[in-house]
Amino acid sequence: MKRCFDIFLSVLALIIFSPVIMTTACLIRIRLGPQVLFKQKRSGLYGKPFYIYKFRSMTNDLDEHGNLLPPEERITKFSIFIRKMSLDEFPQLINVIKGDLSLVGPRPLLMKYLPLYTENQAKRHQVRPGITGWAQVNGRNALSWEEKFKYDVWYVENQSFWLDIKILGLTVLKVFKSEGIQYDDHITMPAFTGTRNDCEDR
């Protein structure tokens, strides 16, 4: 039932929001350069890798050595607007249709984090990852990694169709309120380096 719901709602959203999606793509091409889409390998169901698709929200500016500048130097006002309104997430609807993602589930993270999870945190991979999730509607990027993982595991252990409906509704409210976009003063979420004290996680 959840898979059918995901496909139906994703196709419907792509149709309804196609003018917004096309406009966003054009503005990114004009403001940030020719590469409109950003893809990155993430861990999916049971930790299996897949490529996630998003609209690019940073410039590709390089330093004198040809390396990308730090994220905080590649973010523009336009980039911040895209992220505040979650416009960069639209291409992930394709991931949902392909079966890589669900509409609701723990957010898919980098493959390099897999060996860093505690046994309890790793439960987040027992369900298909999602575009939005319980952690996102309870703080989004304002949460610490450990707090996010606790919400993710809670979702895995309590998931239901009606909980998904609730999360989708709360997600819409969060987007319009622009809450929890960044962690402390960081433009992007700091990298996860492992839980130093996992006593509370057990």
Side-chain angles (χ1 to χ4, degrees), residues 1-28 31 36-38 40 42 44-45 52-58 75-109 124 127-145 147-184 186-189:
M1 180 178 179
K2 178 170 182 172
R3 180 71 184 129
C4 292
F5 178 74
D6 282 344
I7 294 174
F8 172 76
L9 214 58
S10 296
V11 172
L12 185 64
L14 285 172
I15 294 172
I16 293 175
F17 292 105
S18 57
V20 176
I21 295 171
M22 294 300 294
T23 301
T24 301
C26 290
L27 288 174
I28 290 172
R31 300 287 189 88
V36 173
L37 285 179
F38 166 82
Q40 188 177 58
R42 300 283 181 95
L45 182 63
I52 193 171
Y53 299 100
K54 300 180 74 173
F55 277 133
R56 187 160 66 91
S57 60
M58 294 186 188
I75 288 284
T76 67
K77 290 182 179 180
F78 175 66
S79 307
I80 294 172
F81 172 76
I82 288 177
R83 293 187 173 197
K84 284 180 68 174
M85 301 306 298
S86 295
L87 297 174
D88 57 324
E89 310 285 356
F90 272 117
Q92 290 173 58
L93 293 172
I94 301 299
N95 286 118
V96 174
I97 294 171
K98 288 175 59 182
D100 301 323
L101 293 178
S102 177
L103 290 174
V104 178
R107 286 294 295 158
L109 302 176
R124 67 192 307 278
V127 298
R128 188 176 278 111
I131 294 179
T132 186
W134 191 232
Q136 281 61 53
V137 298
N138 280 284
R140 207 172 174 183
N141 286 337
L143 299 172
S144 68
W145 283 113
E147 289 171 324
K148 284 185 179 184
F149 295 150
K150 286 181 179 179
Y151 280 119
D152 289 342
V153 173
W154 185 91
Y155 172 80
V156 172
E157 295 174 344
N158 296 274
Q159 60 179 312
S160 69
F161 178 74
W162 294 112
L163 178 59
D164 284 1
I165 295 296
K166 177 180 178 179
I167 291 172
L168 288 171
L170 290 173
T171 298
V172 174
L173 292 177
K174 285 283 184 179
V175 169
F176 282 106
K177 289 182 178 180
S178 300
E179 293 179 346
I181 296 167
Q182 62 185 51
Y183 179 74
D184 288 342
H186 298 273
I187 294 295
T188 58
M189 189 73 183

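Excluded from the calculations below are hydrogen atoms, water molecules and symmetry mates; all remaining heavy atoms, backbone and side chain alike, are included.
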Please find the pair of heavy atoms, one from P106 and one from R128, that lie closest to each other, and give the distance. CD-O, 4.2 Å
As a quick check of understanding, evaluate side-chain contact (heavy atoms from CB on, under 4.5 Å) for R31 and F81, giving each step before the final call. CA-CA 12 Å; R31 300 287 189 88; F81 172 76; over 6 Å; no
Could you state the interatomic distance from [atom1] ([X]) to [atom2] ([Y]), rounded to the nearest 0.5 Å?
{"X": "K77", "Y": "K84", "atom1": "NZ", "atom2": "NZ", "answer": "12.0 Å"}
{"X": "L9", "Y": "I97", "atom1": "CG", "atom2": "CD1", "answer": "10.5 Å"}
{"X": "W134", "Y": "L163", "atom1": "CH2", "atom2": "CG", "answer": "6.0 Å"}
{"X": "K174", "Y": "L170", "atom1": "NZ", "atom2": "CG", "answer": "8.0 Å"}
{"X": "I7", "Y": "L103", "atom1": "CD1", "atom2": "CG", "answer": "10.0 Å"}
{"X": "I131", "Y": "F90", "atom1": "CD1", "atom2": "CZ", "answer": "9.5 Å"}

Listed partners of E89 passing side-chain hydrogen bond (donor to acceptor under 3.5 Å, both in side chains), at least two apart: Q92
How would you list, by chain and number, every residue that makes a side-chain hydrogen bond (donor to acceptor under 3.5 Å, both in side chains) with R56, sequence neighbours excluded?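 None.
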side-chain hydrogen bond (donor to acceptor under 3.5 Å, both in side chains) pairs touching residues 1-17, sequence neighbours excluded, are K2-Y155, K2-D164, D6-S102
Determine whether a donor-acceptor pair (N or O, by modelled atom type, separation under 3.5 Å) exists between the side chain of [X] and the backbone of [Y].
{"X": "D152", "Y": "R107", "answer": "no"}
{"X": "R124", "Y": "V156", "answer": "no"}
{"X": "S57", "Y": "S79", "answer": "no"}

List the steps and the verdict of side-chain contact (heavy atoms from CB on, under 4.5 Å) for L109 and F149. CA-CA 11 Å; L109 302 176; F149 295 150; 3.6 Å; yes
Under the ring-ring contact (aromatic ring centres under 6.0 Å, His included) test, which residues partner F5, sequence neighbours left out? F161
With heavy-atom distances below 4.5 Å as the criterion, would you say the side chains of V127 and Q159 are in contact?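 With C-beta onward as the side chain, the pair touches.
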Please tabulate, for side-chain N and O atoms in residues 13-27, each donor-acceptor pair with protein atoms closer than 3.5 Å (sequence neighbours left out).
unit_1: S18; atom_1: OG; unit_2: I15; atom_2: O; d: 2.9
unit_1: T23; atom_1: OG1; unit_2: P19; atom_2: O; d: 2.7
unit_1: T24; atom_1: OG1; unit_2: V20; atom_2: O; d: 2.7

Sequence neighbours left out, what pairs pass salt bridge (Lys or Arg N to Asp or Glu O under 4.0 Å) with at least one residue falling in residues 8-17?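 Non-adjacent pairs meeting salt bridge (Lys or Arg N to Asp or Glu O under 4.0 Å): zero.
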Listed partners of T171 passing side-chain contact (heavy atoms from CB on, under 4.5 Å), at least two apart: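 Residues passing side-chain contact (heavy atoms from CB on, under 4.5 Å) with T171: T132, V137, I167, V175.
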Among all residues two or more places apart in sequence or in another chain, which pass the side-chain contact (heavy atoms from CB on, under 4.5 Å) test with P108?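 Residues passing side-chain contact (heavy atoms from CB on, under 4.5 Å) with P108: R42, F50, I52, L101, P129.
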